[in-house]
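Start at 1 and go down the list; that is how both ligands and their atoms are numbered.
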Amino acid sequence: MSMWPKSQEILKTNEQWIPGGVVSLNRKSDPNICFTRGMGSRVWDIEGNEYIDYQAGFAATFLGHNDPDITEAVRQALGNDTVLMGAGPTDLEGQFAELFCRHVSSVESLQITSTGSEATYHAMRIARAVTGRDHVIVMQGGYNGWHNDVACNVISSLNDVGPRVSPGEYPFDALSAGIPEVHKSLVHIVNYNDLDSVEYVLKRYPVACLILEPILQNIGIVKPKAGYLEGLRQLADEHGFLLIFDEVKTGFRHAIGGYQSLCGIQPDLSTFGKAVANGYPLGVIGGKKKYMDYFVHPDRDKRVLIAGTYNAFPLTTVAAIATLQKLTSPEHRVYEHVNQLGQRLEDGLNTIFAATGRPFHLARQGSAYCLYFMDHAPVDFHDIAANHDFALDKAYRVKLIEKGIFNFPLPIKQGSISFAHTVQDIDETLEKTEAVVSQLFQQIPHSQIA
Ligand SMILES: Cc1ncc(COP(=O)(O)O)c(C=O)c1O
């Protein structure tokens, strides 16, 4: 008997009207759980089960669910009869932009979208307009949204992309039908942490941009090797392509200045989303003014379009301003708090898994973490595909969910601690993890995906 009969019922009903029963098929999972309430570090499903949440709406609710300050700001805006759909500029978008640019040093000016995918789309379009080139480089194991240039090669089967190649590129492993072949031929996929492969592509094609998550956070937490991001910056300068950091996940989760402020590398353009408005739908594309000004280029043939009925939707923008204010307030010390909790979780998990004698590696950047069942920190997707125990990962996640600890039930998906989590949450998580681990390792043989 499933723990989630009502959730199954909802899915079935939805399927009559919505293909797949879910409006973002990335949210479909096994088990499918219908969540109805969230507050702070906790979520509740429709059956009434309570969970400590480490999914955080795909890493969006960095302050926690329904953070009281953000909720209050939105409530006030509603109470003030804020014009939802107007015309012309708004003071809110200007306030947000100023606040944002003051904190992210590579962003001299910005534009606002509703989603991260729109932001990456626009960034790549600007790069093509600036350089007059069509080819782009993306990472195997990266996710940058759903559009034609980037809907490819995240968690690929090795049957589709083949074994590791270096220097070289991988075939376009489409996440979607309907991407024209001619379009695929413009996209070059290389392994993360592999500068030789970037040079290989640069020798063969006129490249407009390279886009990457500076830490690969859609296959857990895969960090840049020393010198890798510097190397990309140097290649961009030598070859005249734009370096785009997709900070939709890394952005405000790791530092108020983005991960770029921690690694010290300045991209030409960057994209943000998720944590920037604590789960309200807002994306940002920003960077050097000389590139951003292509949105208003005096030459019509060079001008890049930005349009969107819901861009900088006022309630969302209010939420984003309140989020940035809270992230920077000395009173809350958001980053200090989440880093301490991250360290406590890491230490606890290391102790629990060391006792099992099984290979594992806990990768963490601040509040974001991933437990790999392999004996070293992964350097790229092929490393994970060859060494990580996917079956064990899946079983581990499901058992934790049954105990009230919610990580997305898909192997190598990042866990996200929020500001609302407490030391007690972490300790309860570790206690339950210990119970799951002792049960699990009696049942699951070591196995690896092909
Ligand atoms: C790194 C990264 N870029 C872009 C996106 C796309 O953002 P959105 O889902 O808001 O379109 C995502 C979404 O998960 C992401 O993780």
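Two residues are said to be in side-chain contact when any heavy atoms from C-beta on lie closer than 4.5 Å; His65 and Phe35 fail this criterion. At least one side-chain heavy atom of Ile179 sits under 4.5 Å from a side-chain heavy atom of Phe172.
The distance criterion of under 3.5 Å between nitrogen or oxygen atoms is met by Ser117 with respect to ligand 1.
A donor-acceptor pair is defined here as one N or O able to donate and one able to accept, closer than 3.5 Å; such a pair exists between the side chain of Tyr192 and the backbone of Pro214.
Near Thr115, meaning under 4.0 Å from one of its heavy atoms, ligand 1 places the atoms 10 (O), 11 (O). Which parts of ligand 1 touch Lys249 is read off a 4.0 Å heavy-atom cut-off, strictly below it: atoms 16 (O). Proximity to Glu213 (heavy-atom distance under 4.0 Å) selects the following atoms of ligand 1: 1 (C).
With distances taken over non-hydrogen atoms, the option nearest atom 10 (O) of ligand 1 out of Gly273, Gly116, Gly251 is Gly116. One option in Asn218, Val248, Leu212 has a heavy atom closer to atom 5 (C) of ligand 1 than any other, and that option is Val248.
Ring planes of Phe252 and Phe272: tilted class, angle from 30 to 60°. Using cut-offs of 30° and 60° for the angle between ring planes, the Tyr310 and Phe313 rings count as perpendicular. Ring geometry for His122 against Phe295 counts as perpendicular: the plane angle is over 60°, on a 0 to 90° scale with 30° as the lower cut.
When only non-hydrogen protein atoms are considered, atom 3 (N) of ligand 1 lies nearest to Asp246 OD2, 2.6 Å. For atom 1 (C) of ligand 1, the nearest protein heavy atom (residue, atom name, distance) is Tyr143 O, 3.1 Å. Among all non-hydrogen protein atoms, the one lying nearest atom 14 (O) of ligand 1 is Lys274 NZ, 2.8 Å.
Within the 4.0 Å heavy-atom cutoff, Glu247 does not count among the residues contacting ligand 1.
We find that Lys184 and Glu181 are joined by a salt bridge, their nearest charged nitrogen and carboxylate oxygen being less than 4.0 Å apart.
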